[in-house]
Amino acid sequence: MSSHEGPDRPAEPAWVEHAVWWHVYPLGFVGAEVRPATPVADRVLEHRLDRITPWLDHVVDLGLNGLLLGPVFASSTHGYDTVDHLRIDPRLGDVDDLDRLVAAAHERGVRVLLDGVFNHVGREHPAFRALEEQGPDAPSADLFAVDWAGWTPGQRVPVGDFEGHDILVALDHDSAATEDLVVEVMTHWLDRGIDGWRLDAAYAVPPAFWARVLPRVRERFPEAWFSGEVIHGDTAAIVRASTMDSTTQYELWQGIWHGITDRNLFELAHAVERHDALLATQAPTTFVGNHDVTRIASAVGERFAGHAAAVLFTVAGTPVVYAGDEYGWTGVKEEREGGDDAVRPTFPDTPPAPVELTRTYEALVALRRRNPWLHRAHTDVVHLTNTGLVLRTATADAAVVTTLNLADEPVELPAAGATHVEAGGGDLRDGTVRLPAAGWAVLTA
């Protein structure tokens with residue numbers, strides 16, 4: 001299938017070429033209880049979203065211009081078990097709090113993306129509660145795919161869930177009712193001023209569902225951007241069939257941290273080459289950390305966090321910085337209840353003083369913002385050993401060269417025509433760059 005086949009998919013909004021996001025998990029950020037004992041209906045309203053606002057100047061100081069918010073809608077626990085898509089979680093505040101945060105972001109030139117959990121709802125969602133009580137006669141029955149054969153009132157409703165998580169009840173994506181619900185939710189919050197949506201668990205939803213929903217939303221909000229969480233599968237085919245603008249680039253993330261951790265830059269080079277191939281259909285959403293994975297400084301070691309960032313900001317895509325990674329914060333994800341808590345911490349009231357890695361992020365983001373063509377530029381692997389890598393990302397008119405050294409001794413690598421050191425540390429001479437032990441440098445011509 002060629003890149004233009006499939007449903008009509010407009011070009012992504014022009015502003016996305018310049019977008020670099022700061023990703024926040026709000027419930028953790030503000031110190032809310034993630035597994036509260038109090039039922040949703042009995043929770044006291046706590047105005048905590050304002051705690052993010054003092055960090056917006058830090059976002060701007062980093063050079064970023066986007067705020068990607070994790071779940072903010074009313075939910076039972078971690079935010080992904082939604083009980084009301086049109087209400088802000090009382091642990092975070094109310095709609096006025098969100099309006100103020102969005103306005104404060106926009107005043108600083110920072111766009112806002114919300115996290116849309118549209119594959120499933122929480123078991124306590126009123127629509128599912130009605131289904132449990134009324135069975136197939138419930139007015140919300142069309143939202144869920146249920147085989148009612150043999151069911152009798154009082155029995156457990158035989159509904160699908162999300163990846164074995166009993167509290168996450170799958171919606172029926174063949175249903176017009178689900179389609180209408182998602183369109184209503186998306187347009188409601190776009191109408192209040194947000195700039196787009198992260199589509200949670202987009203890989204679990206049939207692409208045809210998005211192909212019905214997104215054109216209806218774009219009809220009213222043509223400048224909105226839609227990035228789908230896709231962990232596995234043929235992402236190019238998913239993008240074509242779904243009309244999403246972008247998908248999360250988990251393969252590149254894995255290639256970065258595996259390649260660095262295992263001192264096997266062949267894996268990273270392979271991931272970069274596969275990443276390059278995706279540009280025919282999309283500019284992927286790139287990252288080295290998020291709310292679901294071990295923090296990059298823990299994954300690769302704090303000594304190599306700058307190497308990972310250097311790759312993130314110099315290959316194609318729409319980069320996302322997971323809040324705190326710019327300080328080298330650590331945290332290991334574990335497969336247990338509460339296993340995400342370490343990577344979703346409470347943030348201090350105001351940003352700490354910058355550290356060396358923060359300055360590295362500032363330099364790399366500045367380079368990215370000065371060269372928006374990097375958004376869709378192709379990358380060549382110029383030099384490759386287990387511990388040494390040179391990448392050249394270029395157009396006919398400009399080039400950015402990324403050089404990595406994982407070894408415990410200095411190395412001399414080809415500079416691929418570059419003449420200036422933009423970030424990191426390297427000694428350029430006679431067409432080569434000398435990197436210190438465990439060093440890296442980003443160069444330009």
What residues, two or more places apart in sequence or in another chain, satisfy side-chain contact (heavy atoms from CB on, under 4.5 Å) together with Asn264?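 Scan of Asn264 (side-chain contact (heavy atoms from CB on, under 4.5 Å), adjacent residues dropped) gives Asp262, Phe266, Glu267, Asn386.
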Is any side-chain heavy atom of [Y] closer than 4.5 Å to one of [X]?
X      : Y      : result
His375 : Thr318 : yes
Asp200 : Asn119 : no
Gln249 : Glu251 : yes
Arg295 : Pro345 : yes
Thr379 : Thr402 : no
Glu107 : Leu56  : no
Phe313 : Val442 : no
Tyr322 : Tyr25  : yes

Looking just at side-chain N and O atoms, do [X] and [Y] make a donor-acceptor pair shorter than 3.5 Å?
X      : Y      : result
Thr285 : Ser246 : yes
Asp115 : Tyr80  : yes
Asp195 : His106 : yes

Using modelled atom types only, decide if a donor and an acceptor are shared between the side chain of [X] and the backbone of [Y] within a distance under 3.5 Å.
X      : Y      : result
Asp97  : Asp94  : yes
His275 : Ala316 : yes
Thr261 : Ala299 : yes
Trp15  : Glu223 : yes
Tyr327 : Pro352 : yes
His173 : Leu171 : yes
Gln282 : Thr247 : yes
Ser175 : Ala177 : yes
Arg91  : Thr77  : yes
Glu326 : Gly324 : yes

Say you draw a straight line from [atom1] of [X] to [atom2] of [Y]; how long is it, rounded to the nearest 0.5 Å?
X      : Y      : atom1 : atom2 : value
Thr243 : Ile238 : OG1   : CD1   : 13.0 Å
Leu199 : Met186 : CG    : CE    : 4.5 Å
Glu179 : Asp174 : CD    : CG    : 10.5 Å
Arg51  : Phe347 : CZ    : CZ    : 13.5 Å
Glu132 : Ser140 : CD    : OG    : 10.0 Å
Arg108 : Asp61  : CZ    : CG    : 10.5 Å

Which is it for Val311 and Leu268 under the side-chain contact (heavy atoms from CB on, under 4.5 Å) test, yes or no, and what are the steps along the way? CA-CA 10 Å; Val311 178; Leu268 172 51; 4.2 Å; yes
For [Y], is there an ion pair with [X] - N to carboxylate O distance below 4.0 angstrom?
X      : Y      : value
Asp180 : Arg216 : yes
Arg123 : Asp81  : no
Asp234 : Arg240 : no
Asp341 : Arg35  : yes

For residues [X] and [Y], report the shortest heavy-atom separation together with the two atoms involved.
X      : Y      : answer
Val110 : Leu67  : CG1-N, 3.6 Å
Val157 : Trp148 : CG1-CH2, 3.8 Å
Val24  : Ala323 : CG2-CB, 4.1 Å
Asp276 : Ala377 : OD1-O, 4.1 Å
Leu98  : Leu69  : CD1-CD1, 4.1 Å
Pro54  : Pro351 : O-CD, 3.9 Å

Stepwise side-chain contact (heavy atoms from CB on, under 4.5 Å) check, Val343 with His291: CA-CA 6 Å; Val343 298; His291 64 298; 5.7 Å; no
Apply salt bridge (Lys or Arg N to Asp or Glu O under 4.0 Å) to Asp142 and list each qualifying residue two or more places apart in sequence or on a separate chain.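 Result, salt bridge (Lys or Arg N to Asp or Glu O under 4.0 Å) vs Asp142: none returned.
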Could you check, using the six-membered ring where one of them is a Trp, whether Phe144 and Phe128 have ring centers closer than 6.0 angstrom?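 Close enough - the centres of the two rings lie under 6.0 Å apart.
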Look at the rings of Trp22 and Trp55 and say which category their plane angle falls in: under 30° parallel, 30 to 60° tilted, over 60° perpendicular.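 The rings of Trp22 and Trp55 lie parallel, inter-plane angle below 30°.
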Near Asp191 CG, under 6.0 Å, is it more than 12 heavy atoms from other residues, nucleotides or ligands?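 Counting neighbours around CG of Asp191, more than 12 heavy atoms of other residues, nucleotides or ligands fall under 6.0 Å, so yes.
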How about CZ on Arg376, more than 12 heavy atoms from neighbouring residues, nucleotides or ligands closer than 6.0 Å, or not?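 Counting neighbours around CZ of Arg376, more than 12 heavy atoms of other residues, nucleotides or ligands fall under 6.0 Å, so yes.
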Verify side-chain contact (heavy atoms from CB on, under 4.5 Å) between Leu374 and Thr393, making sure each step is shown before the conclusion. CA-CA 7 Å; Leu374 284 166; Thr393 306; 3.6 Å; yes
Trace of the side-chain contact (heavy atoms from CB on, under 4.5 Å) decision for Val72 with Asp89: CA-CA 6 Å; Val72 296; Asp89 195 293; over 6 Å; no
Checking ring-ring contact (aromatic ring centres under 6.0 Å, His included) against Trp197, which of Phe226, Phe118, Trp225 comes through?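 The single option meeting the ring-ring contact (aromatic ring centres under 6.0 Å, His included) with Trp197 is Phe118.
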